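I have placed the structure first, in the form of structure tokens, so that the comments after it can refer back to it.
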There are 2 protein chains.
Amino acid sequence: MADDPLSITFAALADPTRRAILARLAEGAATVKELSEPFAMSGPAVSKHLRVLERAGLITRGRDAQWRPCTLDATPLREVTEWADGFRRFWDDSYRRLDTYLEHMKEKGT
Amino acid sequence: MADDPLSITFAALADPTRRAILARLAEGAATVKELSEPFAMSGPAVSKHLRVLERAGLITRGRDAQWRPCTLDATPLREVTEWADGFRRFWDDSYRRLDTYLEHMKEKGT
DNA sequence: CAGTTAGATAACCAAGTGGTTAGGTAGACA
DNA sequence: TGTCTACCTAACCACTTGGTTATCTAACTG
């Protein structure tokens, strides 16, 4: 996998388990055990997913006795939306209309 | 890799070469040759990237004699922004303020 | 016809992914 | 002390990914 930040973020999001974990963390911090519960997979498997999310900067892990609470850090998602927004004119009708309007103005200006 | 649409889209975007191809196609359709030029990699490698993008529904491929022009189809990107928008309150200050305001109102209501 | 160009396919390789089981560590508690 | 809980690491597996070279088809061009 490519190692630039945006690629790492996209790769981390390319898994429904990891997206579900982020959705859960949007409601507040949780322990690894709590995050594992909804999934029919072993602890180490969840642990690996958490490491991927941590490497992408999407979560941070603290320490509280034998628990390792995970917290959401959504700032990489801002980069994701900013990147995708560069293509908004290809699907958003209002942007598309603005686009043709600007094109029209440019033609008149020449 | 997971085979749900959103995962396929995210996985397709998790590569700088493929994102660069999409950026190029935002300026208009292009042949495989034209798309290959900026990259120091073989034709088959680009061909594979295009297949990934096609599978994700991000491009469509036509036919014109011996050329196979690629066209951008950004609609999967709308799903991406819509998903990420669910987390906007974690990074957007104005949303964060609205959030605390609503929380405040809810408390008063109880 | 032969030759060239655009592009896809096949076979291969090294590295990564997503899962497993087994075993280890750190803290709470009797 | 011993035991339980929470979590991690290590080793392994099947499969995928991103690249290569070699080979093939399809269409234009002389």
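Given the structure is predicted, the values throughout are model-derived calculations rather than measurements. Each chain gets a letter, A, B and so on, in the order the sequences are listed, and its residues count up from 1.
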- Task: Using heavy atoms to find the nearest nucleotide of DNA chain C for B/R68 and A/R63 separately, return the residue whose nucleotide is more 5′.
- Result: B/R68

- Counting side-chain heavy atoms from C-beta on, which of D/dC7, D/dT5, C/dG7 comes nearest to A/Q66? D/dT5

- Task: Measure from NZ on A/K33 to C1' on D/dT5 and round the result to the nearest Å.
- Result: 8 Å

- Grab the CD-C1' distance between B/E54 and C/dA8 for me, whole Å please. 12 Å

- Query: The side chain of A/A45 lies closest to which of these nucleotides: D/dG18, C/dG27, C/dG19?
  - Reply: C/dG19

- Item | Sidechain-backbone polar pair: A/T9 side chain, A/P5 backbone, donor-acceptor under 3.5 Å | yes

- Query: Base, sugar-phosphate, or nothing for B/A65, non-hydrogen atoms under 4.0 angstrom?
  - Reply: sugar-phosphate

- Between C/dT17 atom P and B/D15 atom CG, what is the distance in whole Å? 13 Å

- Could you check how far CZ of A/R55 sits from C1' of C/dG18, rounded to whole Å? 15 Å

- Counting N and O atoms only, with roles assigned by atom type, does the side chain of B/D85 sit under 3.5 Å from a partner on the main chain of B/F87, one being a donor and the other an acceptor? no

- Which listed nucleotide (C/dA8, C/dG7, D/dG19) is nearest to the side chain of B/M41? D/dG19

- Want to settle it: does A/M1 or A/R61 sit nearer the 5' end of DNA chain D, counting the closest nucleotide to each? A/R61

- Results of salt bridge (charged side-chain N to carboxylate O under 4.0 Å, His left out) for B/R78 - residues two or more places apart only: none

- Message: So, OP1 or OP2 of D/dC8: does either fall under 4.0 Å of a side-chain N or O from A/R51?
- Response: no

- 5' priority, DNA chain D, between B/T17 and A/P44 [closest heavy atom]: A/P44

- Quick one: sort the A/W83 and A/F10 rings into parallel, tilted or perpendicular, breaks at 30° and 60°. perpendicular

- OP1 or OP2 of D/dT20 under 4.0 Å from side-chain N/O of B/S42: yes

Pairs under 3.5 angstrom only: tabulate donor-acceptor contacts from the side chains of residues 12-31 of chain A to other protein residues two or more places apart or in another chain.
residue : atom : partner : partner atom : Å
A/D15   : OD1  : A/T17   : N            : 2.8
A/D15   : OD1  : A/T17   : OG1          : 3.4
A/D15   : OD1  : A/R18   : N            : 3.3
A/R18   : NE   : A/A12   : O            : 2.7
A/R18   : NH1  : A/H49   : ND1          : 3.1
A/R18   : NH2  : A/A11   : O            : 3.2
A/R19   : NH1  : A/L13   : O            : 2.8
A/R19   : NH1  : B/S7    : OG           : 3.0
A/R19   : NH2  : B/D4    : OD2          : 2.8
A/R19   : NH2  : B/S7    : OG           : 3.3
A/R24   : NH1  : A/G28   : O            : 3.2
A/T31   : OG1  : A/E34   : N            : 3.2

- Closest to the B/V32 side chain, choosing from D/dG18, C/dG7, D/dC7: C/dG7

- Task: Please tell me which of the listed nucleotides, D/dG18, D/dC7, C/dT9, lies nearest to the side chain of B/S47?
- Result: C/dT9

- Item | Of the listed nucleotides D/dA26, C/dA8, D/dG18, the one nearest the side chain of B/K48 | D/dG18

- Message: Without decimals, in angstroms, what is the distance between B/W67 CH2 and C/dA8 C1'?
- Response: 17 Å

- Message: Nearest whole Å is fine: how far is C/dG16 P from A/I8 CD1?
- Response: 12 Å

- Query: Whole-Å distance between D/dC7 P and A/H49 NE2?
  - Reply: 16 Å

- Query: D/dG18 C1' sits how many Å from A/F10 CZ, rounded?
  - Reply: 19 Å

